[in-house]
Peer 1: 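I have a structure here, written as structure tokens, and I will follow up with some questions on it.
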Amino acid sequence: MSRTVKLKSKNDKPKVGLVLTGGGARAAYQVGVLRAIAQMLPDGASNPFPVICGTSAGAINAASLAVAANDFQAGVRQLEDVWANFHVGQVYRSDCLGVLKNSFRCLISLFSQEYGRHRAISLLDNAPLESLLFRKIPFRMLHHCIRSGSLHALGITAWGYTSSQSVTFYQAAKGIAPWKRAQRVGVTTHIDVKHLMASSAIPFFFPPVKLHREFFGDGSMRQMTPISPALHLGADKVLILGMHKETDDLPGRVSASNPPSFAQIAGHAMNSIFVDSLDVDLERLRRINETLKLIPPETRQEKNILLRPVESMMISPSVEINEIAQQYAKSLPLTMRYLYKAVGAMSPNGSTLLSYVLFEAPFCQALIELGHNDTLQQKEKILQFINS
């Protein structure tokens, strides 16, 4: 990953970038982290994250924060109000009729190529989410927040099915040029609901979204460098909100008598989409930082090496989220419980998949509380990172 940045004067205040990763319902954890940070700051404090980047469900949280950059604490309260009262019916149709109609469309598409050619097919109908975003996010405020200086840039990443590129759509202050790297580009635009729907279109579960001339899906797909967009958009350091418990322990080898269920396989696929690339990118960033420490700043300037160390910090769950999901599985509507039970998501082995789609208030509230507590335990470290 390129870490090329413009040299800054000593008087410039470092811009802290906030990177919100994807993870479906797991993104409620991010809300708890943000609530704790908002509580750490004095009343009326300015937005501590002038650069905000999001992918998938993290893109929705990112946009919600960005439009409220003029009042960060109020923006966090509004975001928490939505997540703490979530119901799957606000994200995808969970009523019996809606599930049957969508399942029937999927079945027809298997036997009729012509039918699938004229409409996007998916396992779930996420039209309710689009309606929710229209009601809750005033995108016109992005322009005002950027003009006032409380926001420098918002970046939303989606995956292009035709181009096979990770595209970061961004709305930012003047001076940020579009970029092009291997399989990833940055494109300036006016961000709206369509970009959020595209970025959060989990493959198979939600339909792809057409933007301009191409169909896009979940931005976490093959996003090899999730930290990079924040750096391109001007961040000098990055705070990353992860969705899985960090551990150095390798899992033990176990014997299995039965083949994995559909939910177990899908859960592993979800982890490969939402988790693995962030771990690799963080490791790459740290290695670059260690390498640059061996090169004196004078030598880097003399040789015109435009790389510099980028400070990073990640906040991630202290417990496995899929274990929490098991406790709240019964909060799902009856129709969805039958559907997820049929594919094995209600069993312990399928709880990883369940944790991505469990958009129910009890589960989301538990994750918000977890994120809040995890963050408060690092209060001094976080405040030093934000304010230094």
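All values below were derived from every heavy atom in this structure, side-chain atoms included, with hydrogens, water molecules and symmetry-related copies excluded.
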Peer 1: Can you tell me if Thr299 uses its side chain to pair, donor with acceptor, with the backbone of Ile295 under 3.5 Å?
Peer 2: no
Peer 1: Does one side chain, of Ser163 or Glu214, offer a donor that lies under 3.5 Å from an acceptor on the other?
Peer 2: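 Result is yes, a qualifying pair exists.
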Peer 1: Less than 4.5 Å apart, side chain to side chain, heavy atoms only: is that true for Phe205 and Asp218?
Peer 2: no
Peer 1: Quiz question: by atom type and distance under 3.5 Å, do the side chains of Ser199 and Thr55 form a donor-acceptor pair?
Peer 2: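 On atom types as modelled, these side chains do not qualify, holding no pair under 3.5 Å.
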Peer 1: Closest approach of Ser312 and Ile240, non-hydrogen atoms and distance?
Peer 2: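 Heavy atoms of Ser312 and Ile240 come nearest at CB-CD1, 4.5 Å.
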Peer 1: Quick check for you: to the nearest 0.5 Å, what is the distance between Leu358 atom CG and Met336 atom CE?
Peer 2: 10.5 Å
Peer 1: Show the nearest heavy-atom pair for residues Tyr161 and Pro203, with the distance to one decimal.
Peer 2: OH-CB, 4.1 Å
Peer 1: Hey, does Asn70 have a side-chain heavy atom less than 4.5 Å from the side chain of Asn47?
Peer 2: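 Asn47 vs Asn70: side chains apart.
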Peer 1: How close do Ala66 and Leu142 get, counting heavy atoms only, and between which atoms?
Peer 2: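 Nearest pair, atom of Ala66 first, then Leu142: CB-CD2, 3.6 Å.
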Peer 1: Judged by atom type as modelled, is there a donor-acceptor pair below 3.5 Å linking the side chain of Asn373 to the main-chain atoms of Glu369?
Peer 2: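 Yes: the side chain of Asn373 pairs with the backbone of Glu369.
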Peer 1: Less than 4.5 Å apart, any side-chain heavy atom of Phe72 and any of Leu65?
Peer 2: yes
Peer 1: Would you tell me whether Arg184 and Thr225 have side-chain atoms, one donor and one acceptor, within less than 3.5 Å of each other?
Peer 2: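 Yes, Thr225 and Arg184 have a side-chain donor paired with an acceptor closer than 3.5 Å.
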Peer 1: Go through the steps for His372 and Gln39 under the test side-chain hydrogen bond (donor to acceptor under 3.5 Å, both in side chains), then give the verdict.
Peer 2: CA-CA 10 Å; His372 181 260; Gln39 291 175 351; 2.7 Å; yes
Peer 1: Looking only at non-hydrogen atoms, find the nearest pair between Ala325 and Ser351 and report the distance.
Peer 2: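 So the two residues come closest at CB-O, 4.1 Å.
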Peer 1: Do Leu332 and Tyr340 come within less than 4.5 Å of each other through their side chains, counting heavy atoms only?
Peer 2: yes
Peer 1: Is any side-chain heavy atom of Phe169 closer than 4.5 Å to a side-chain heavy atom of Leu211?
Peer 2: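 Touching, per the 4.5 Å side-chain cut-off.
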Peer 1: Distance check, rounded to the nearest 0.5 Å: Asp374 atom CG versus Ser316 atom OG?
Peer 2: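 Rounded to the nearest 0.5 Å, the CG-OG separation comes to 7.5 Å.
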Peer 1: Cluster question for you: counting only ILVMFWY and a side-chain heavy-atom cut-off of under 4.5 Å, with indirect links fine, are Leu241 and Trp83 together?
Peer 2: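 In one cluster with Leu241: Trp83, yes.
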Peer 1: If you count heavy atoms of other groups shown closer than 6.0 angstrom to CD of Glu311, is the number above 12?
Peer 2: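 Yes, CD of Glu311 has more than 12 neighbouring heavy atoms, counting only those of other groups under 6.0 Å.
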Peer 1: Test of understanding: clusters of I, L, V, M, F, W, Y form through side-chain heavy atoms closer than 4.5 Å, transitively. Do Met141 and Ile156 belong to the same one?
Peer 2: yes
Peer 1: Shortest non-hydrogen contact from Ala201 to Pro207?
Peer 2: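 So the two residues come closest at CB-O, 3.3 Å.
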Peer 1: Taking side chain as C-beta onward, heavy atoms only, is Leu41 less than 4.5 Å from Gln73?
Peer 2: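 In short, these two side chains touch, coming nearer than 4.5 Å.
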Peer 1: Does atom NE2 of His144 have more than 12 heavy-atom neighbours from other groups under 6.0 Å away?
Peer 2: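 Counting neighbours around NE2 of His144, more than 12 heavy atoms of other residues, nucleotides or ligands fall under 6.0 Å, so yes.
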Peer 1: Kindly assign one of parallel, tilted or perpendicular to the pair Trp179 and Tyr170, based on the angle between their ring planes and the thresholds 30° and 60°.
Peer 2: parallel
Peer 1: Testing Ile37, Val19, Leu20, Val238 for side chain to side chain contact (heavy atoms under 4.5 Å, CB included) with Phe49, which one passes?
Peer 2: Ile37
Peer 1: Starting from the C-alpha separation in whole Å, work towards a yes-or-no answer on side-chain contact (heavy atoms from CB on, under 4.5 Å) for Thr375 and Ile382.
Peer 2: CA-CA 8 Å; Thr375 306; Ile382 292 169; 3.3 Å; yes
Peer 1: Taking the six-membered ring of Phe385, is NZ or CZ of Lys237 closer than 6.0 Å to its centre and within 45° of its axis?
Peer 2: yes
Peer 1: Counting distance only, does the side-chain N/O of Asp125 pair as donor-acceptor with the main-chain N or O of Tyr92 below 3.5 Å?
Peer 2: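 No: the side chain of Asp125 does not pair with the backbone of Tyr92.
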Peer 1: Check the pair Glu360, Lys330 against salt bridge (Lys or Arg N to Asp or Glu O under 4.0 Å), reporting the backbone distance first and the verdict last.
Peer 2: CA-CA 10 Å; Glu360 285 294 331; Lys330 291 185 178 180; over 6 Å; no
Peer 1: Provide the closest heavy-atom pair for Leu353 versus Ala345 in the form atom of the first, atom of the second, distance.
Peer 2: CD2-CB, 4.2 Å
Peer 1: Within a strict 4.5 Å, meaning less than it, do heavy atoms of the Cys364 and Asn85 side chains meet?
Peer 2: no
Peer 1: Do Leu132 and Phe139 sit in the same hydrophobic cluster, where Ile, Leu, Val, Met, Phe, Trp and Tyr count as joined when their side-chain heavy atoms come under 4.5 Å apart?
Peer 2: yes
Peer 1: I'd like to know if Phe206 and Met221 are part of one continuous hydrophobic network [Ile/Leu/Val/Met/Phe/Trp/Tyr, side-chain heavy atoms within less than 4.5 Å].
Peer 2: yes
Peer 1: Under a 4.5 Å cut-off applied to non-hydrogen side-chain atoms, are Tyr29 and Leu370 in contact?
Peer 2: yes
Peer 1: Glu290 vs Arg287, test: salt bridge (Lys or Arg N to Asp or Glu O under 4.0 Å). Steps then yes/no.
Peer 2: CA-CA 5 Å; Glu290 290 300 317; Arg287 284 182 177 177; over 6 Å; no
Peer 1: Under 3.5 Å, is there a donor-acceptor pair linking the side chains of Asn322 and Ser355?
Peer 2: no
